[in-house]
Protein chains: 2
Amino acid sequence: MPRPRSLTQDQVAAAALAVADRDGLAGLSMRAVAKELGMSTMALYRYVRDRDELEGLIVDLVLGEVDTSPPPDGPWRERVEVMAVRMRDALAAHAAIVPLTMTHRHGSPGSLRWGETVTGILAQAGIEGRAAAIALRALIAYVTGAIQLEHLGALSGTGTDAIAELPGDVFPNMAKTAQHARGIGPDEEFLGGLSALLRGLGS
Amino acid sequence: MPRPRSLTQDQVAAAALAVADRDGLAGLSMRAVAKELGMSTMALYRYVRDRDELEGLIVDLVLGEVDTSPPPDGPWRERVEVMAVRMRDALAAHAAIVPLTMTHRHGSPGSLRWGETVTGILAQAGIEGRAAAIALRALIAYVTGAIQLEHLGALSGTGTDAIAELPGDVFPNMAKTAQHARGIGPDEEFLGGLSALLRGLGS
DNA sequence: ATCGTAAGCGTATGCCGTACACCTACAGGA
DNA sequence: TCCTGTAGGTGTACGGCATACGCTTACGAT
């Protein structure tokens with residue numbers, strides 16, 4: 001009976017994501033998203049309660065793009081690694097919104113599906129119950145932490161250079177470590193830490 | 001010759017931290033910090049270039065409170081664990097500013113000293129060069145990720161309850177895992193994941 | 001053709017960070 | 001003792017933010 005909606009929430013989320021991809025997280029505002037959709041600022045509020053909900057929709061959208069189908073057969077560590085890499089790739093495609101995932105990942109359907117697949121792999125490997133709960137949280141902690149680190153000064157970036165040139169008498173170990181760190185790419189870094197965690201999770 | 005400063009940057013940082021502790025990150029504003037110091041808003045800018053620098057000072061202050069003296073002798077894994085727990089405890093005392101540490105940890109003296117001590121322990125354990133660089137970054141990724149997770153919906157909180165009540169036919173593994181997760185405290189969770197990572201780092 | 005509903009919009013409020021121009025307290029030299 | 005240059009401290013103002021509120025308007029059902 002009333003006037004029909006002209007947009008879906010998905011379209012709103014997609015517009016917001018486009019703004020964030022183009023102008024960064026700082027450029028993401030209700031005004032900017034409304035302009036992206038060709039509406040007035042306040043019209044946006046017909047689709048979203050407030051900015052917080054909009055951020056949730058963006059995270060849902062990005063996390064929903066992660067392929068959560070069970071990876072091909074193989075050793076369980078490799079299969080979990082595939083899942084971790086899928087998550088990392090999806091977020092790398094929208095690096096600007098990575099900080100939002102920490103606040104809004106909770107309860108997102110994509111995140112739940114990812115967890116479901118991972119716990120399934122763990123269960124097949126005999127990791128269940130409390131051990132599975134701890135393993136899943138450890139994986140989430142590592143993956144989200146590593147992704148944020150990666151987008152806030154890569155291992156081979158200027159930050160590492162600065163550390164490598166620290167006074168050798170005050171920070172001898174850091175200076176030496178940074179020297180070696182220069183040659184390490186982001187992939188090797190991410191996968192290296194991940195495989196250590198996975199080795200340890202097998203008890 | 002000119003009028004002397006009446007405040008140190010440390011005092012400014014302490015006031016800002018007090019505001020954040022009391023009113024949360026959302027309550028942290030230049031106006032609020034200036035009021036905390038009993039000055040006008042703009043006087044604050046005599047001590048700090050902009051808000052970004054103020055945030056850096058806060059992080060420096062909190063990270064500077066971490067005890068970075070070498071832990072007592074013992075197995076290297078236990079010594080690294082002590083370092084991780086010290087970092088976690090320091091941040092837990094100021095949970096509101098945890099998100100700031102992701103953006104401002106880089107180059108903070110406290111963070112450097114922490115890294116120096118950790119790489120020292122790793123070196124004594126025979127982990128050096130590229131392996132040490134990867135190990136350090138993995139530890140930072142896990143610790144920061146876990147701390148953020150902890151302050152954004154604990155394992156035994158309402159979020160877990162919601163997951164435990166998910167449709168069992170769509171998320172069977174998650175539902176079962178969440179059931180077991182309910183009984184896990186934050187310490188057990190943090191230390192469990194950490195010891196897995198440390199086991200794996202020993203190659 | 002009309003009418004109720006909700007879409008969409010304009011305006012306004014109270015925050016925010018901060019640029020700028022001004023006044024003022026103080027240490028050093030006279 | 002007074003004078004003066006420097007930098008500390010302040011008030012005002014601007015543009016941008018999220019969003020509350022009330023109006024207008026498009027539309028599907030009658």
Side-chain angles (χ1 to χ4, degrees), chain A residues 1-61 96-104, chain B residues 1-61 96-104:
Chain A
M1 194 148 153
R3 184 172 171 183
R5 296 177 96 76
S6 53
L7 254 46
T8 67
Q9 276 202 331
D10 270 349
Q11 289 173 286
V12 174
L17 183 56
V19 170
D21 285 342
R22 179 172 8 96
D23 304 326
L25 196 52
L28 180 72
S29 70
M30 301 301 277
R31 285 169 161 84
V33 174
K35 182 169 290 183
E36 180 80 15
L37 288 166
M39 344 170 93
S40 79
T41 305
M42 292 314 292
L44 187 52
Y45 284 85
R46 294 282 167 188
Y47 297 89
V48 150
R49 180 173 17 254
D50 53 19
R51 186 194 163 106
D52 203 64
E53 186 175 311
L54 178 61
E55 291 180 353
L57 289 178
I58 299 173
V59 172
D60 284 355
L61 181 63
I97 61 94
V98 165
L100 300 184
T101 60
M102 291 308 299
T103 14
H104 298 279
Chain B
M1 192 147 157
R3 185 171 171 184
R5 296 178 97 76
S6 52
L7 253 46
T8 66
Q9 275 203 332
D10 269 350
Q11 290 174 285
V12 174
L17 182 57
V19 171
D21 284 343
R22 179 170 11 93
D23 304 327
L25 195 52
L28 181 72
S29 70
M30 302 301 276
R31 286 169 162 85
V33 174
K35 181 169 290 183
E36 180 81 14
L37 288 166
M39 339 171 97
S40 78
T41 304
M42 293 313 293
L44 189 50
Y45 284 84
R46 294 282 168 189
Y47 296 89
V48 149
R49 179 170 23 251
D50 53 18
R51 185 194 162 106
D52 203 65
E53 186 175 311
L54 178 60
E55 291 181 352
L57 290 178
I58 299 173
V59 172
D60 284 356
L61 181 63
I97 60 95
V98 164
L100 300 184
T101 60
M102 291 308 299
T103 14
H104 297 279

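Not measured: the values here are computed from a predicted model. Labels below follow one simple rule: chain letters A, B, ... track the order of the sequence lines, proteins then strands, and each chain is numbered from 1. Side chains are part of it too, since the values below use all heavy atoms of this structure and drop only hydrogens, waters and symmetry mates.
In plain terms, the two heavy atoms of B:Val12 and B:Val33 that are nearest each other are O-CG1, 4.4 Å. Residues B:Thr41 and B:Ala34 share a closest heavy-atom pair of CA-CB, 3.5 Å.
B:Leu28 is not listed as a side-chain neighbour of B:Asp23, based on a closest heavy-atom distance of 4.5 Å or more. For the pair B:Gln11/B:Tyr47, no side-chain contact is recorded, criterion being any heavy-atom separation below 4.5 Å from C-beta on. Under the 4.5 Å side-chain criterion, counting only non-hydrogen atoms from C-beta, B:Arg46 is not in contact with B:Met39. Using a 4.5 Å cut-off on side-chain heavy atoms (C-beta onward), B:Tyr45 and B:Ser40 make no contact.
Taking a 4.0 Å limit (strictly below) on heavy-atom distances, residues 37-58 of chain B reaches DNA chain D at B:Met39, B:Ser40, B:Met42, B:Ala43, B:Arg46, B:Tyr47. Within residues 13-27 of chain B, no residue is approached by DNA chain D to less than 4.0 Å at the level of any non-hydrogen atom.
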Run A:Val59 and A:Thr103 through side-chain contact (heavy atoms from CB on, under 4.5 Å) and show every step you take. CA-CA 9 Å; A:Val59 172; A:Thr103 14; over 6 Å; no
Under the criterion side-chain contact (heavy atoms from CB on, under 4.5 Å), I'd like the reasoning laid out for A:Lys35 against A:Met30: C-alpha separation, chi angles, the key distance, then a yes or no. CA-CA 9 Å; A:Lys35 182 169 290 183; A:Met30 301 301 277; over 6 Å; no
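Contact of A:Arg31 with D:dG16 (side chain to base): no donor-acceptor pair of N or O atoms is detected under 3.5 Å.
Atom CZ of A:Arg3 is separated from atom P of C:dA6 by 13 Å (rounded to the nearest Å).
Between B:Arg5 and D:dG8 there is a side-chain polar atom (N or O) within less than 4.0 angstrom of OP1 or OP2.
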